[in-house]
Amino acid sequence: MEQYNTLPRKFYERDARIVAKELLGQILVRVYKNNILAGKIVETEAYLGRDDPASVARRSKVPYSELMWEDPGTAFIYAVHGNWLLNIVTMPRGKASAVLIRAIEPINGIEIMMKNREVADTKNLTNGPGKLTKALAIDKRFNGVDVTKQRSPIKICRGFDENFEIVRRHRIGVSKDLEEPLRFYIKDSKFVSKK
DNA sequence: AGGAAGATCTACT
DNA sequence: GTAGATCTTCCTA
């Protein structure tokens, strides 16, 4: 299998909108019991700081949200309706914002992901934020993991060079969204959570 | 103690 | 495709 190389911290040290867009096509890798589980990121959403009514950083720092203010490239895992959602912290340390990984296209370890999720359909395996964390066996224990480190159990690596169109829409599921659309996905991907 | 939360599943049309 | 039930965790009172 080919070698995956992580993206540097600088990549995350930028506006969440830019990072969300540029994470499309990169590879999410999970080292799990001596196996490599991996998938191409096909859908993301940006969450901003204090002025974003949908962001957990809209209020001041509380224990469950404090990782939003951590170093860029930190995994921030959040529970919603009994699902774990994987975010990556963006912007320089102390500026709360993050990118939610909403969907991936399975590449490696598909058999194991199917077992974790108890489904047999690849299209339905990782096409949602709570689905992909379950397929990759990601939960709160991994809060704070540095995804820029080659030896991390969860990391994000450079994808293959390919051309695709990016679609920009409003975020999904939030009760109060901003006027600005902050959801990005790869056009025509069969693995996005929703068109 | 009560309820909201960035979701998912199932069962319909 | 859409509606409603149910999901689990952690905040707020």
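Chain A is the first sequence line, chain B the second, and so forth, proteins listed ahead of strands; every chain is numbered from 1.
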request  = Please determine if Glu22(A) and Arg17(A) form a salt bridge, counting it only when a charged side-chain N lies under 4.0 Å from a carboxylate O.
outcome  = no

inquiry  = Are there over 12 heavy-atom neighbours, none belonging to Lys195(A), within less than 6.0 Å of that residue's NZ?
reply    = yes

ask   = Do Glu45(A) and Arg102(A) meet the salt-bridge criterion of a basic N to acidic O distance under 4.0 Å?
value = yes

Among Lys10(A), Arg93(A), Arg9(A), the one residue meeting salt bridge (charged side-chain N to carboxylate O under 4.0 Å, His left out) with Asp71(A) = Arg93(A)

ask   = For DNA chain C, whose closest nucleotide is more 5', that of Lys194(A) or that of Val62(A)?
value = Lys194(A)

ask   = Strictly by modelled atom types, are Glu43(A) and Ser193(A) linked by a side-chain donor-acceptor pair under 3.5 Å?
value = yes

key: Between P of dA5(B) and CG of Asp177(A), the distance in whole Å   = 14 Å

ask   = So where does chain A start and stop touching DNA chain C, 5' to 3', when the test is distance under 4.0 Å to a non-hydrogen atom?
value = dC7(C) to dT12(C)

inquiry  = Distance check needed: dA7(B) C1' versus Tyr78(A) OH, whole Å only.
reply    = 12 Å

message = What I want to check is whether the side chains of Lys123(A) and Asn127(A) have a donor and an acceptor closer together than 3.5 Å.
response = no

query = In whole angstroms, how far is the C1' atom of dA7(B) from the CH2 atom of Trp84(A)?
reply = 14 Å

inquiry  = Looking only at the side chains, is there a donor atom on one of Thr148(A) and Thr6(A) sitting less than 3.5 Å from an acceptor on the other?
reply    = no

ask   = How about Tyr64(A) and Asn143(A): does a side-chain donor come under 3.5 Å of a side-chain acceptor?
value = no

message = Using a heavy-atom cut-off of 4.0 Å across all strands, would you classify Ser193(A) as base, sugar-phosphate, or nothing?
response = nothing

ask   = Lys131(A) has an atom NZ; how far is it from atom C1' of dA7(B), in whole Å?
value = 9 Å

ask   = Can you check the Leu132(A) CG to dA7(B) P distance for me, whole Å?
value = 12 Å

inquiry  = Pairs counted only when both distances fall under 3.5 Å, Watson-Crick or G-U: show me the 5' to 3' dot-bracket for DNA chain B, [ ] for pseudoknotted crossings and | for other-strand partners.
reply    = |||||.||||||.

Sorted by number, the residues of residues 112-126 of chain A with heavy-atom contact under 4.0 Å to DNA chain B = Arg117(A)

key: Pair Lys134(A) + Glu118(A): basic N to acidic O under 4.0 Å   = no

request  = Check whether any side-chain N or O of Arg168(A) sits under 3.5 Å from a backbone N or O of Pro181(A) as a donor-acceptor pair, and report yes or no.
outcome  = yes

key: Rounded distance in Å - CG (Leu100(A)) to P (dA5(B))   = 16 Å

inquiry  = Between Asp15(A) and Lys95(A), does any side-chain N to carboxylate O distance fall below 4.0 Å?
reply    = no

